[in-house]
Every structure is written in structure tokens, then in C-alpha cells.
Amino acid sequence: MRIATWNINSVRLRLDNVLRWLKESTPDLVCLQELKCQTDQFPKQAFEDAGYNCAVHGQKAWNGVAILSRFPIEDTHTNLPGDSQDEQSRYIEALVSTKDGVLRVASLYLPNGNPVAEKYPYKLAWMDRLIQHARERLLLEEPFILAGDYNVIPSAEDVHNPAGWVEDALFKIETRQKFNELLNLGFTEALRATTDQAGLYSFWDYQAGAWQRNLGLRIDHLLLSPQAANRLSGARIDKYVRAWEKPSDHVPVLADLEIEAR
DNA sequence: ATGGCCAACCCCGTTGGA
């Protein structure tokens with residue numbers, strides 16, 4: 001079973017890219033972020049024609065998350081508990097049934113948090129809500145994958161110029177501490193479980209020739225519950241799609257688990 | 001990491017992204 005996360009920065013504009021990548025990388029589950037469309041504008045038919053069921057939580061203009069699944073989707077939840085006033089579409093969770101039993105997967109789009117003076121409190125509060133929710137989900141002892149755009153650079157090896165990022169909401173010490181708090185509940189970060197190589201990035205800014213100069217960040221992650229981590233067999237980043245025409249500024253991050261696909 | 005971008009919306013300049 002192959003699972004991926006990808007911030008696609010507009011699903012409608014990126015549809016051809018995503019369909020091409022689905023054919024080439026053959027994931028069974030895909031967590032998408034930054035759909036930038038309402039739920040009823042999501043190109044559901046195109047993904048169904050490609051063999052995927054869809055769980056979608058859209059929003060006008062910004063945010064929006066979805067899960068594509070080759071497995072039947074048994075149940076979905078949108079919104080992260082803990083703030084009934086929060087109207088941003090940044091979380092969707094689905095329970096899917098595989099040949100080996102149920103698997104729980106979440107697609108999340110964690111707030112960026114910049115500028116810090118204005119938006120950082122929302123980011124930290126959102127992370128606290130995520131930690132609380134994840135803690136409850138782990139009690140179920142299911143294979144559970146928390147995948148998405150975390151807007152968190154976990155360590156200095158994950159950014160081209162760490163010194164320049166220490167005050168940024170993606171790399172501030174409080175951000176990394178909260179990410180570690182989440183990991184320490186018992187999650188395994190899929191890519192880091194397979195390699196300690198520095199300079200593996202999942203995002204390159206459109207500005208300032210960041211892609212051409214390889215000035216990237218690793219901010220998209222797959223967190224695995226113990227029941228999922230026990231079956232991890234590999235992880236990788238599909239960096240090559242960043243060189244395609246009309247690319248997203250993020251690329252897919254993937255993990256392979258020894259779970260029967262169907 | 002800010003000289004250089006990109007997307008949605010309708011206001012075709014403004015807002016948001018990272």
C-alpha cells in the first residue's frame with residue numbers, strides 16, 4: 001500500500017499534473033491540501049475515472065483538503081475538534097477498509113503562522129488541538145496516518161539556510177517543540193525513519209529562483225501510528241514534479257506500508 | 001529568504017501563501 005501527501009496549490013489548475021502523477025506513482029491513498037475551491041467545485045469525476053474515491057472538505061478561494069482512496073471510504077470527519085469558531089478547511093479524516101482491516105488517514109493543512117505577531121497564536125493553538133486529537137485517536141490502536149502540509153521544518157537539516165529561519169513561524173523553537181510533542185505521542189515520521197540525509201526538500205518557493213538554486217524546505221510529512229510504522233517499508237519524495245510545467249510549489253511525499261492493497 | 005512568483009476573486013488590484 002502506497003500513501004502520499006501533496007499540497008497542490010489549486011486542484012483545478014493542477015488537475016492534469018495530478019492525474020499524470022497518479023498514473024506514474026500509483027499511490028493507493030493521496031492526501032491533498034490547498035484545493036483552493038469549494039467542495040462542489042472539486043473535480044471529483046476526473047479522480048473517480050482514475051479509480052479513486054474522494055473525501056473532500058473545500059473552501060472558497062483558500063485552504064481545502066481532500067483524500068483520494070482506492071479503498072472504500074467507510075467514514076469521514078472534517079474539522080479538528082477544539083474550536084467551534086474555526087471556519088478554515090484544514091482537516092479531513094477518513095476511515096478506509098483494506099484487505100488487512102481498517103486504516104485511518106487524515107489530510108491536514110497546518111497554518112503557516114507568519115507574520116508571527118499576527119498569525120502565530122492561531123498556529124500554536126491549532127497544533128495543540130492536533131496534539132489533543134491525535135492523542136485520542138492513538139487510543140484506538142489502529143494503523144493511523146496523519147499526513148499533510150505541516151508548515152514545520154523539523155530540524156536544521158531540513159532547510160537550506162537554518163540561521164536565516166530561526167524567527168520564522170515554520171522553524172521557531174516553539175514550533176519544533178510542538179511538532180516533537182506530537183511525534184512523542186508515539187508517531188514515526190516516515191521519511192526520517194528511512195534516511196537521515198540532509199537537504200531533502202518538499203517545497204521550493206516560486207520566488208527568487210528558489211527551485212533553480214535548490215533553496216528548499218522540508219515541511220510536508222507523513223506521521224505513522226505504531227500500528228502503521230511497524231509496516232513501513234520505504235519512503236521518498238517525488239522531487240521531479242517540481243520541474244513540470246505549471247508546478248505546485250510543493251511536491252508529493254510518499255510512504256510504502258506492507259498492507260495488502262485490495 | 002525576499003530584486004525575481006503564483007492563485008483566487010472580481011475589486012484586474014488586493015489578499016494570501018511560505
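Values reported hereafter were calculated over all heavy atoms of this structure, with side chains retained and with hydrogens, waters and symmetry mates removed.
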Considering every strand and a 4.0 Å limit on heavy-atom distances, what is the contact class for Asp149(A): base, sugar-phosphate, or nothing?
sugar-phosphate
Using atom P of each nucleotide, how far apart are dT15(B) and dA1(B) to the nearest Å?
27 Å
Which residue lies more 5' along DNA chain B, comparing His160(A) with Pro115(A) via nearest heavy atoms
His160(A)
Select base, sugar-phosphate, or nothing to describe what Asn151(A) touches, counting heavy atoms under 4.0 Å on all strands.
sugar-phosphate
Could you list the cluster mates of Leu215(A)? Members are the ILVMFWY residues connected by side-chain heavy atoms closer than 4.5 Å, either directly or through other members.
none
Nucleotides bounding contact with chain A, strand DNA chain B, heavy-atom threshold 4.0 Å
dA1(B) to dA18(B)
For Lys119(A), which contact category applies under a 4.0 Å heavy-atom criterion: base, sugar-phosphate, or nothing?
sugar-phosphate
Would you mind classifying the nucleic acid contact of Asn161(A) as base, sugar-phosphate or nothing, using non-hydrogen atoms under 4.0 angstrom?
sugar-phosphate
Would you mind classifying the nucleic acid contact of Tyr150(A) as base, sugar-phosphate or nothing, using non-hydrogen atoms under 4.0 angstrom?
nothing
Suppose the criterion is ring pair (Phe, Tyr, Trp, His ring centres under 6.0 Å): which pairs have a residue in residues 10-40 of chain A, not counting sequence neighbours?
Trp6(A)-Trp21(A)
Say you pick atom P in dT2(B) and the same atom in dA7(B); how far apart are they, in whole Å?
23 Å
Using links of under 4.5 Å between side-chain heavy atoms of ILVMFWY residues, direct or through other members, which residues join Tyr206(A) in one cluster?
none
Residues of residues 205-220 of chain A with a heavy atom under 4.0 Å from any atom of DNA chain B, listed by number, are Asp205(A), Tyr206(A), Gln207(A), Ala208(A), Arg213(A), Leu215(A), Leu217(A), Ile219(A)
Before we go on, tell me: are the rings of Tyr150(A) and Tyr109(A) under 6.0 Å apart, centre to centre?
no
Members besides Ile153(A) in its Ile/Leu/Val/Met/Phe/Trp/Tyr cluster (side-chain heavy atoms under 4.5 Å)
Val159(A), Trp165(A), Val166(A), Leu170(A), Phe171(A), Phe203(A), Leu217(A), Ile219(A)
Quick check on DNA chain B: between Asn112(A) and Trp165(A), whose nearest nucleotide comes earlier from the 5' end?
Trp165(A)
By ring-ring contact (aromatic ring centres under 6.0 Å, His included), which residues pair with Trp62(A), not counting sequence neighbours?
none
Between Asp149(A) and Thr5(A), do the side chains contain a donor N or O and an acceptor N or O under 3.5 Å apart?
no
Distance between the P atoms of dG3(B) and dG16(B), in whole angstroms?
22 Å
Between dA8(B) and dC12(B), how far apart are the C1' atoms? Round to whole Å, please.
12 Å
If you measure from the P atom in dG4(B) to the same atom in dC10(B), how many Å do you get, rounded?
27 Å
Report the hydrophobic cluster partners of Leu13(A), with the cluster defined as I, L, V, M, F, W, Y residues connected by side-chain heavy atoms closer than 4.5 angstrom, directly or transitively.
none
What pairs with Arg192(A) under side-chain hydrogen bond (donor to acceptor under 3.5 Å, both in side chains), at least two apart in sequence or on another chain?
Asp158(A)
